[in-house]
Protein chains: 2
Amino acid sequence: MRTRASYHHGDLRAALVAAAVGAARAGGPDAVKLTALAAEVGVSAAAAYRRFPDGLEDLLRATGDVARAELADRIARKVAAVRGSDPADVARRRFRASGLAYVEYVSEQPGLFAVAQRHPSCLPPGEAPDPHGLLEQRLDALVVEGLLPAERRPLASVAAWAAVHGLALLLAEGALAQLPAAQRRQAVDRTLDMVERGL
Amino acid sequence: MRTRASYHHGDLRAALVAAAVGAARAGGPDAVKLTALAAEVGVSAAAAYRRFPDGLEDLLRATGDVARAELADRIARKVAAVRGSDPADVARRRFRASGLAYVEYVSEQPGLFAVAQRHPSCLPPGEAPDPHGLLEQRLDALVVEGLLPAERRPLASVAAWAAVHGLALLLAEGALAQLPAAQRRQAVDRTLDMVERGL
DNA sequence: TCCTCATGTGAACGACAGCAACATGCCGCG
DNA sequence: CGCGGCATGTTGCTGTCGTTCACATGAGGA
């Protein structure tokens with residue numbers, strides 16, 4: 001990162017994305033304002049259009065990719081932290097851990113996550129972070145361990161994702177946002193129990 | 001409804017809400033612009049502030065209440081349409097019908113529903129439409145018919161709501177928005193199966 | 001050294017939220 | 001019947017923001 005105040009910035013794109021991520025964390029998608037962020041970075045608004053030809057929408061897509069990467073990382077770490085000697089038990093606990101990580105991330109970063117929801121990735125499919133792919137892996141592991149019948153494997157990811165995604169949104173910015181911490185944990189456990197039993 | 005073009009409008013508040021509902025149906029929350037809607041109704045922007053002291057936010061809350069009322073009505077109708085002679089079977093099918101109605105409404109009116117999500121009601125608790133209350137009624141019926149163990153009744157509404165809410169959002173404006181109709185139906189069935197088994 | 005193109009600037013336009021001071025007319029009170 | 005007050009609307013302004021255009025600058029290669 002160059003602190004030098006030259007005519008050319010050095011890494012304007014990264015600086016703008018970083019500023020946008022900060023604004024989104026604090027105030028959600030509506031707080032990401034191209035004009036204000038360009039000024040914050042020390043650059044005219046028009047300069048931002050060199051790096052983001054479609055303007056604000058491009059910036060929000062890049063910001064959403066940061067959120068998706070953070071989410072995928074959070075899930076991967078929490079899953080990897082689950083250890084044990086019984087493979088079936090590990091598979092089951094890792095599946096729960098992935099759901100829990102999703103809810104935790106959305107609860108901690110509701111504004112940034114909202115950007116990811118509303119603005120699809122600007123990266124090519126191979127490079128884009130893919131939280132959903134991690135869920136598919138967990139479900140495959142459940143099938144391998146005999147915890148999920150193979151005939152129920154199709155569309156299982158949709159059902160599980162829907163439950164966890166909905167719960168996360170209700171807790172983070174929906175009707176359950178005011179729930180005290182103890183009841184939040186109960187709600188998460190109750191929902192994951194339902195998913196586990198019902199999948 | 002007065003068509004008369006007098007100095008005083010007659011029912012400006014209702015006219016603005018109706019215009020806002022139309023805009024939200026077509027383009028979501030960001031399409032609701034106080035200035036443009038006031039012009040559409042044939043009134044200056046400042047006039048709208050007489051009826052909505054907090055400006056745009058107030059208008060969006062009132063618009064969200066229309067969405068919540070439509071949703072509650074949709075659910076109530078679909079539930080009431082389920083008839084049969086076996087009370088347990090009726091309770092089970094009515095529970096599914098309420099979830100299906102939720103998904104259908106969100107899929108058909110994603111823009112209007114998004115307003116309801118992001119902007120809480122401006123009505124006193126007693127008068128506000130309450131889709132969630134209808135779900136609680138369905139769950140109570142399941143307990144009465146012995147389809148849901150009483151010890152699982154607490155927080156069951158959270159789990160069921162989360163699954164249906166998440167599914168609706170994924171289908172309406174999320175990653176599953178492009179799914180063809182046949183697979184959409186399968187996704188809904190698969191998710192409701194999970195909820196029914198797992199609750 | 002000079003040329004070129006990426007990068008950045010300043011100015012301008014239009015849409016919009018919100019506020020303030022002024023205008024209008026409906027309705028009730030004397 | 002007339003008059004005055006208050007709800008209702010209006011014009012006009014300020015500030016923010018997205019977006020575009022013509023122009024300026026400077027870094028690096030021919």
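A note on names: the letters A, B, ... follow the listed sequences, proteins ahead of strands, and every chain is numbered from 1. Side chains included, hydrogens not; waters and symmetry mates left out as well; all remaining heavy atoms used.
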B:Arg138 vs B:Leu142, test: side-chain contact (heavy atoms from CB on, under 4.5 Å). Steps then yes/no. CA-CA 6 Å; B:Arg138 291 306 104 218; B:Leu142 289 182; 5.8 Å; no
For A:Asp54 and B:Asp11, find the nucleotide of DNA chain D closest to each by heavy atoms; which residue's nucleotide sits nearer the 5' end?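 Nearest-nucleotide comparison on DNA chain D picks B:Asp11.
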If you check every side-chain atom of [X], which of [options] has the closest atom?
{"X": "B:Ala36", "options": "C:dC16, C:dA21, C:dA17", "answer": "C:dC16"}
{"X": "B:Ala46", "options": "C:dG10, C:dA20, D:dT8", "answer": "C:dA20"}
{"X": "B:Tyr49", "options": "C:dA17, D:dG9, C:dT9", "answer": "C:dA17"}
{"X": "A:Lys33", "options": "C:dA17, D:dG9, D:dG18", "answer": "D:dG18"}
{"X": "B:Leu56", "options": "C:dG18, D:dT11, C:dT9", "answer": "C:dG18"}

Spacing of [X] atom [atom1] relative to [N] atom [atom2], expressed in whole Å:
{"X": "A:Asp30", "N": "C:dC16", "atom1": "CG", "atom2": "P", "value": "15 Å"}
{"X": "A:Leu12", "N": "C:dT7", "atom1": "CG", "atom2": "P", "value": "10 Å"}
{"X": "A:Leu59", "N": "D:dC17", "atom1": "CG", "atom2": "C1'", "value": "14 Å"}
{"X": "A:Leu60", "N": "D:dG18", "atom1": "CG", "atom2": "C1'", "value": "12 Å"}
{"X": "B:Arg13", "N": "D:dG9", "atom1": "CZ", "atom2": "P", "value": "13 Å"}
{"X": "B:Asp58", "N": "C:dC19", "atom1": "CG", "atom2": "P", "value": "12 Å"}
{"X": "A:Glu57", "N": "D:dT19", "atom1": "CD", "atom2": "C1'", "value": "14 Å"}
{"X": "B:Arg50", "N": "D:dT11", "atom1": "CZ", "atom2": "P", "value": "14 Å"}

Any side-chain N or O of A:Thr35 less than 4.0 Å from the OP1 or OP2 oxygen of D:dG18?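 Checking D:dG18 against A:Thr35, a side-chain N or O does come within under 4.0 Å of OP1 or OP2.
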Does a side-chain N or O from B:Arg51 land closer than 4.0 Å to OP1 or OP2 of D:dG9, or not?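 Answer is yes, contact under 4.0 Å.
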Give a yes or no answer on whether the side chain of B:Arg94 reaches the backbone of B:Arg83 with a donor-acceptor pair at less than 3.5 Å.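 Here the side-chain-to-backbone pair does not exist.
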Under 3.5 Å: donor-acceptor pair, side chain of B:Arg68, backbone of B:Ala116: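 Side chain of B:Arg68 to backbone of B:Ala116: a pair is present.
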With a 4.5 Å limit on heavy-atom distance, are the side chains of A:Ser157 and A:His132 in contact?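 A:Ser157 vs A:His132: side chains touch.
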Under-4.0 Å salt bridge between B:Glu70 and B:Arg25: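 Here B:Glu70 pairs with B:Arg25 in a salt bridge, since their nearest N and O are under 4.0 Å apart.
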